[in-house]
Amino acid sequence: MGWTRLYALIVKELLAVLRDPKGRAILIGPPIVQLLVFSYAATLEVRNVDVMILNRDSGHWGQELIERIDGAPTFRHIEIAANQSEVRVAIDNQTVIAAVEIGPDFSRNIEAGAPADLQMVLDGRRSNASQIVAGYLSQISGTLAAETPAGKRAGAGMVSSVARNWFNPNLTYQWFMVPNLIASIALLIGLIVTALSIARERELGTFDQLMVSPLRMHEILIGKLIPPMMIGLFHITVYILAAVFLFEVPLRGSLFLLYGSAVFYLGSVAGLGLFISALSMTQQQAILGAFLFMVPAMLLSGFATPIENMPGWLQPITFINPLRYFLVIVKGVFLKDIPLSEVINQTIPLALIAVVTLSAAAWLFRRRLE
């Protein structure tokens, strides 16, 4: 009889989500669109930028530098300035992100191996992007200096180093971003679907009927837990297929390990959603509560910035964030082929989070009955 009651509750929850055309469209359409859009838009790469050049040098190497900057794929358009006033106006109006001023003795000095005048003016309002552009420009000018006769003579006895990027040789940003999106979008969908479950029951007036039904407390929790996990596994499967076949992200590890850890990850997410739902009286409160957790979870997960770069007092808070652990697993399985031991180390905290949040949700349910 217990399995029959549990099966009926699971079917009821799935029908409540899937029979609503608007709800069905929200579950299927936006996550796919988000995966496609964010994979290209959410990038820290700097491309297609405009720069301005003020060339006060009449020699060959000044013109060579302009041609190399113009030929670099990073830069979309090169504007030539006639004087420093045009440079100031372009930077002030954000027409360009950087301006390069080539000194009048640039060719002569670089030919002789002496220090050459090359000034870069960067837009500090876009500090991260401007610093990256400055690195590109410095690399171009450094390569040019090394190819001059004086540079070849100076570098003849020097040791050169060649960087090799492990796990992502071509630094393809989708290889980093798409696995992150698999975890983050699954968190968003799983959290919202679960958070709305109890709140929807309260708004419809069926919550009290559910609590006085023959279903036991653990059966109610399991019945509310399994449907969001099934929906989450469906989304993760779609994202994995898109990552492998659409974005061509290499899948070097085991799908068995990825899905095994995903079950615990979705369990912890569903536990958090049920806890939020137990605290909420309306669906609006549940949605706000889900987003109240979602935004800090994204920022404290290591999605965009390393956790090690955060203040020391803030880093312990990330231990209660399930996204932190699953990001390590999904990126490790895709790019590194991490071993079973590492997957287990990251899965144990997910299981603990699921147990704690489900226990707290059950306690809140009992308090509602008192």
> To the nearest 0.5 Å, how far apart are CG in Leu266 and OG in Ser261?
Replying inline: 9.5 Å

>> Starting from Ile317, can I reach Leu299 by hopping between I/L/V/M/F/W/Y residues whose side chains sit under 4.5 Å apart?
In response: no

>> Please find the pair of heavy atoms, one from Ala129 and one from Ile97, that lie closest to each other, and give the distance.
In response: CB-CD1, 3.6 Å

>> Between Asp70 and Ile66 (side chain of the first, backbone of the second, donor and acceptor by atom type, cut-off under 3.5 Å), is there such a pair?
In response: no

> Residues two or more places apart in sequence or in another chain: which of them pass salt bridge (Lys or Arg N to Asp or Glu O under 4.0 Å) with Glu64?
Replying inline: Arg68

>> Holding to side chain to side chain donor-acceptor pair (under 3.5 Å), I want the full list of residues that pass it with Thr347, two or more places apart in sequence or in another chain.
In response: none

> Where is the tightest heavy-atom contact between Ala270 and Met229, given as atom of each residue plus distance?
Replying inline: CB-CG, 4.5 Å

>> Within the supplied structure, the quantity of interest is the number of heavy atoms (other residues, nucleotides, ligands) at a distance under 6.0 Å from Phe293 CZ; does it exceed 12?
In response: yes

>> Between Thr194 and Val269, does the side chain to side chain contact (heavy atoms under 4.5 Å, CB included) criterion hold? Intermediate values first, please.
In response: CA-CA 8 Å; Thr194 314; Val269 170; 5.7 Å; no

> Are side-chain N/O atoms of Ser301 and Asn321 paired as donor and acceptor at under 3.5 Å?
Replying inline: no

> What's the spacing between Leu272 CG and Met294 CE if we round to 0.5 Å?
Replying inline: 11.5 Å

> Is Asn83 reaching over with its side chain to a backbone N or O of Glu86, donor-acceptor style, under 3.5 angstrom?
Replying inline: yes

>> With a 4.5 Å cut-off on side-chain heavy atoms, are Leu340 and Leu257 touching?
In response: yes

> Honestly curious: do Ile78 and Leu144 fall in one hydrophobic cluster under the side-chain, below-4.5 Å linking rule?
Replying inline: yes

>> Could you see if Val295 belongs to whatever hydrophobic cluster contains Leu181? Use Ile, Leu, Val, Met, Phe, Trp, Tyr and a side-chain cutoff under 4.5 Å.
In response: no

> What residues, two or more places apart in sequence or in another chain, satisfy salt bridge (Lys or Arg N to Asp or Glu O under 4.0 Å) together with Asp50?
Replying inline: Arg76

>> Could you walk me through whether Leu255 and Ile240 satisfy the side chain to side chain contact (heavy atoms under 4.5 Å, CB included) test, starting with their C-alpha distance in whole Å, then the side-chain angles of each, then the deciding distance to 0.1 Å, before giving a yes or no?
In response: CA-CA 10 Å; Leu255 275 176; Ile240 290 174; 4.2 Å; yes

> Under 6.0 Å from the CD atom of Gln315, do we count more than 12 heavy atoms belonging to anything else shown?
Replying inline: yes

> Looking at Val193, Leu191, Leu233, Ile189, which hits side chain to side chain contact (heavy atoms under 4.5 Å, CB included) with Pro228?
Replying inline: Val193

> So, do Phe176 and Phe334 sit near enough that their side-chain heavy atoms are less than 4.5 Å apart?
Replying inline: no

> Should side-chain heavy atoms under 4.5 Å link Ile, Leu, Val, Met, Phe, Trp and Tyr, which residues sit in the same cluster as Ile91?
Replying inline: Met52, Leu54, Val87, Val96, Val121

>> A quick test of your reading: do over 12 heavy atoms of other residues, nucleotides or ligands sit less than 6.0 Å from CZ of Phe291?
In response: no

>> I'd like to check Phe319 versus Leu300 (side-chain heavy atoms, cut-off strictly below 4.5 Å). Are they in contact?
In response: no

>> Can you confirm whether Trp175 sits close enough to Leu335 that some side-chain heavy atom of one is under 4.5 Å from a side-chain heavy atom of the other?
In response: yes

> Say you draw a straight line from CG of Leu188 to CG of Leu323; how long is it, rounded to the nearest 0.5 Å?
Replying inline: 11.0 Å

> Can you list the residues that meet the side chain to side chain donor-acceptor pair (under 3.5 Å) rule with Glu342, with sequence neighbours excluded?
Replying inline: Gln346

>> Using a 3.5 Å distance criterion without hydrogens, assess whether the side chain of Ser268 forms a donor-acceptor pair with backbone atoms of Ala354.
In response: no

> Which value, rounded to the nearest 0.5 Å, describes the distance between Leu137 atom CG and Met120 atom CE?
Replying inline: 5.5 Å

>> Under the ring pair (Phe, Tyr, Trp, His ring centres under 6.0 Å) definition, can you give me all pairs with a residue in residues 54-113, not counting sequence neighbours?
In response: none

> How long is the span from the OG atom in Ser138 to the CG atom in Leu118, to the nearest 0.5 Å?
Replying inline: 8.0 Å

> Within a radius of less than 6.0 Å around CD of Gln94, do more than 12 heavy atoms belonging to other residues, nucleotides or ligands occur?
Replying inline: yes

> Looking at CD1 of Ile329 and NZ of Lys336, how far apart are the two atoms once the value is rounded to the nearest 0.5 Å?
Replying inline: 12.5 Å

> So, for Ala195 and Ala286, which heavy atoms are closest and what is the spacing to 0.1 Å?
Replying inline: O-CB, 3.3 Å

>> Restricting to salt bridge (Lys or Arg N to Asp or Glu O under 4.0 Å), what partner residues turn up for Arg252, sequence neighbours left out?
In response: none

>> Give me the atom names and distance for the closest heavy-atom approach of Ile236 to Ala262.
In response: CD1-CB, 4.0 Å

> If every non-hydrogen atom of Asn180 is compared with every non-hydrogen atom of Leu327, which pair is closest and at what distance?
Replying inline: OD1-CD2, 3.3 Å

> side chain to side chain donor-acceptor pair (under 3.5 Å) with Thr237: which residues, sequence neighbours excluded?
Replying inline: Tyr259

>> I'd like to know whether Leu246 forms a side chain to side chain contact (heavy atoms under 4.5 Å, CB included) with Val178, so could you lay out the CA-CA distance, the side-chain angles of the two residues, the decisive distance to 0.1 Å, and finally the verdict.
In response: CA-CA 11 Å; Leu246 182 60; Val178 173; over 6 Å; no

> Below 4.5 Å, heavy atoms only, C-beta onward: do Val330 and Tyr265 meet side chain to side chain?
Replying inline: no

> Would you say the side chain of Asn345 lies within less than 4.5 Å of the side chain of Tyr325, judging by non-hydrogen atoms?
Replying inline: no

> Which residue pairs pass the salt bridge (charged side-chain N to carboxylate O under 4.0 Å, His left out) test with at least one member in residues 118-139, sequence neighbours excluded?
Replying inline: Asp123-Arg125, Asp123-Arg126

> Do Thr172 and Phe247 have side chains that get closer than 4.5 Å, going by heavy atoms?
Replying inline: no

> Are Val355 and Ile344 joined in one hydrophobic group, where the rule is that I, L, V, M, F, W and Y side chains link up if heavy atoms are under 4.5 Å apart?
Replying inline: no

> With hydrophobic residues grouped by side-chain heavy-atom distances under 4.5 Å, do Phe275 and Ile320 end up in a single group?
Replying inline: no

>> With a 4.5 Å cut-off on side-chain heavy atoms, are Val51 and Val100 touching?
In response: no

> Which atom pair, heavy atoms only, marks the closest approach of Ala297 to Leu187?
Replying inline: CB-CD2, 4.3 Å

Could you go through residues 303-314 and list every donor-acceptor pair under 3.5 Å that involves a side-chain atom there, pairing it with any protein atom two or more places apart or in another chain?
none

> How would you list, by chain and number, every residue that makes a salt bridge (Lys or Arg N to Asp or Glu O under 4.0 Å) with Arg56, sequence neighbours excluded?
Replying inline: Glu101

> What's in the same ILVMFWY side-chain cluster as Leu292, cut-off under 4.5 Å, chained through other members?
Replying inline: none

